[in-house]
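Some notes on the structure that comes next.
Quick caveat, the model's predicted, so the values are computed rather than measured.
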Amino acid sequence: EKEIADGRIVGVGCNLRFVAAIEMLKAIVDDGRLGSLIRVRADFGWDLRRWRPGRDLRSSYSANAAEGGGILFDAIHEFDYLYWIFGPVRRVSCFAGSRTSLALEVEDVACTLLDFGSGLLGEVALDYASGVYRRGYEIVGEGGSATWRWPDPYVVLSLDGSAIDRLPVAAPDSMYERLIDDFLAAATQSAAMLIQTSTAITTVNGVIEGSLNAEDLGLSGSAASGV
């Protein structure tokens with residue numbers, strides 16, 4: 001807040017905001033093509049042992065709670081884009097724990113339910129142990145649905161009474177270049193960054209509410225709170 005008050009530009013770099021398929025989701029939602037929205041699901045999973053080849057996974061921040069590890073914070077990107085597209089959340093319910101063969105001291109699998117202020121229900125499923133890289137979303141409305149799976153160059157749009165369309169989008173591997181462009185525009189042109197600090201704080205607080213109320217890392221934990 002002090003930095004902003006002093007006239008400095010402050011922002012956060014959540015790279016999935018720069019994935020064309022996620023931008024397409026926002027456009028589809030904003031123009032009302034799916035009608036009244038019912039539910040949305042986002043997921044991410046990948047074996048942590050494959051993230052950083054040649055390095056002991058237990059020495060990484062991902063495996064250490066004090067360094068911000070655990071799949072809930074490591075994969076905060078899913079929460080970030082859902083909050084961005086669908087708005088504030090009223091309640092969060094989270095089940096998370098160390099349940100896989102990784103035997104970590106942080107949660108390696110988590111399922112979170114989000115009760116959005118609009119009435120939409122959301123689900124975020126995350127893990128550190130999936131044998132294949134999994135990432136994507138599905139949004140369902142009374143008028144149709146939209147789905148995307150990483151790294152497909154298209155979003156599948158299915159509308160009531162019409163054929164299924166594949167809407168082309170740019171590959172997700174350009175997201176880091178676009179994030180850097182966003183930063184450089186802020187640094188050289190005093191442009192506002194895409195992800196404002198206030199938005200990022202809201203997202204972090206939502207994840208904190210779920211994670212802090214988990215009973216134990218090795219057991220199912222649940223939380224219900226306002227965000």
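By the side chain to side chain contact (heavy atoms under 4.5 Å, CB included) test, A110 is found to be paired with I71, L72, A96, residues two or more places apart in sequence or in another chain being considered. Considering only residues two or more places apart in sequence or on other chains, D43 meets the side chain to side chain contact (heavy atoms under 4.5 Å, CB included) condition with R41, A125, R134, R149. Residues that satisfy the ring pair (Phe, Tyr, Trp, His ring centres under 6.0 Å) test with Y133, not counting sequence neighbours, are F44, W46, W150. Residues satisfying the ring pair (Phe, Tyr, Trp, His ring centres under 6.0 Å) criterion with Y81, sequence neighbours excluded, are absent altogether. By the salt bridge (Lys or Arg N to Asp or Glu O under 4.0 Å) test, D56 pairs with no residue at all, sequence neighbours left out. Every residue two or more places apart in sequence or in another chain that forms a salt bridge (Lys or Arg N to Asp or Glu O under 4.0 Å) with R39 is listed here: E138.
Under the 4.5 Å side-chain contact rule for hydrophobic residues, V124 and L113 do not share a cluster. No continuous path of hydrophobic side-chain contacts links I164 to V140 [ILVMFWY only; heavy atoms under 4.5 Å]. Y128 and L16 fall within a single hydrophobic cluster, where Ile, Leu, Val, Met, Phe, Trp and Tyr side chains are chained together by heavy-atom contacts under 4.5 Å. Linking Ile, Leu, Val, Met, Phe, Trp and Tyr whenever their side-chain heavy atoms come within less than 4.5 Å leaves L121 and F116 in two separate clusters. In this structure, L37 is a member of the same hydrophobic cluster as V40, with clusters built from ILVMFWY side-chain heavy atoms closer than 4.5 Å.
Under the 4.5 Å side-chain criterion, counting only non-hydrogen atoms from C-beta, N15 is in contact with H77. Two residues are said to be in side-chain contact when any heavy atoms from C-beta on lie closer than 4.5 Å; D115 and V92 fail this criterion. The side-chain heavy atoms of F79 and T112, taken from C-beta on, include a pair separated by under 4.5 Å. In this structure, the side chains of E78 and R135 come closer than 4.5 Å at one or more pairs of heavy atoms. When side chains are defined from C-beta on, L114 counts as touching Y83, because their heavy atoms get closer than 4.5 Å. Looking only at side-chain heavy atoms (C-beta outward), D47 and V132 stay at 4.5 Å or farther from each other. Under the 4.5 Å side-chain criterion, counting only non-hydrogen atoms from C-beta, S98 is not in contact with E105.
With no hydrogens or angles considered, no side-chain donor-acceptor pair links D165 and Y154 at under 3.5 Å.
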Yes or no on side chain to side chain contact (heavy atoms under 4.5 Å, CB included) for D74 and W51, after CA distance, side-chain angles and deciding distance?
CA-CA 12 Å; D74 226 349; W51 287 30; 3.3 Å; yes
Go through the steps to decide whether K26 and R17 satisfy the test side chain to side chain contact (heavy atoms under 4.5 Å, CB included), and finish with yes or no.
CA-CA 10 Å; K26 181 168 174 55; R17 292 272 199 106; over 6 Å; no
Using the side chain to side chain contact (heavy atoms under 4.5 Å, CB included) rule, take L25 and W84 through it: C-alpha gap first, then chi angles, then the decisive distance, then the call.
CA-CA 11 Å; L25 173 61; W84 175 48; over 6 Å; no
Going through the checks in order, is the side chain to side chain contact (heavy atoms under 4.5 Å, CB included) test met by I139 and T147?
CA-CA 6 Å; I139 173 69; T147 61; over 6 Å; no
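With hydrogens and angles ignored, the 3.5 Å screen pairs a side-chain donor or acceptor of D127 with a backbone N or O of S130. A donor-acceptor pair is defined here as one N or O able to donate and one able to accept, closer than 3.5 Å; no such pair exists between the side chain of R166 and the backbone of V156.
L157 and A146 make their closest contact through CD1-CB, 4.3 Å (heavy atoms, listed as atom of the first residue, atom of the second, distance). Shown here for L126 and A75, the closest heavy-atom pair between the two residues is CD2-CB, 3.8 Å. The shortest heavy-atom contact between R52 and Y61 is NH2-CE2, 3.0 Å. The minimum heavy-atom distance linking A21 with Y137 is given by the pair O-OH, 2.6 Å. A65 approaches V106 most closely through the heavy-atom pair N-CG1, 3.4 Å. Closest non-hydrogen pair, L104 versus A63, comes out as CD2-CB, 4.1 Å.
Atom CD1 of I38 sits in a crowded spot, with more than 12 heavy atoms from other residues, nucleotides or ligands closer than 6.0 Å.
The distance from atom CG of L179 to atom OG of S174, rounded to the nearest 0.5 Å, is 11.0 Å. A distance of 12.5 Å separates CD of E177 from CZ of F18, quoted to the nearest 0.5 Å.
A salt bridge does not link R99 to E107: none of the charged side-chain nitrogens sits closer than 4.0 Å to a carboxylate oxygen.
For the pairing with I22, the side chain to side chain contact (heavy atoms under 4.5 Å, CB included) check across D80, L82, I85, V169 returns one residue only, I85.
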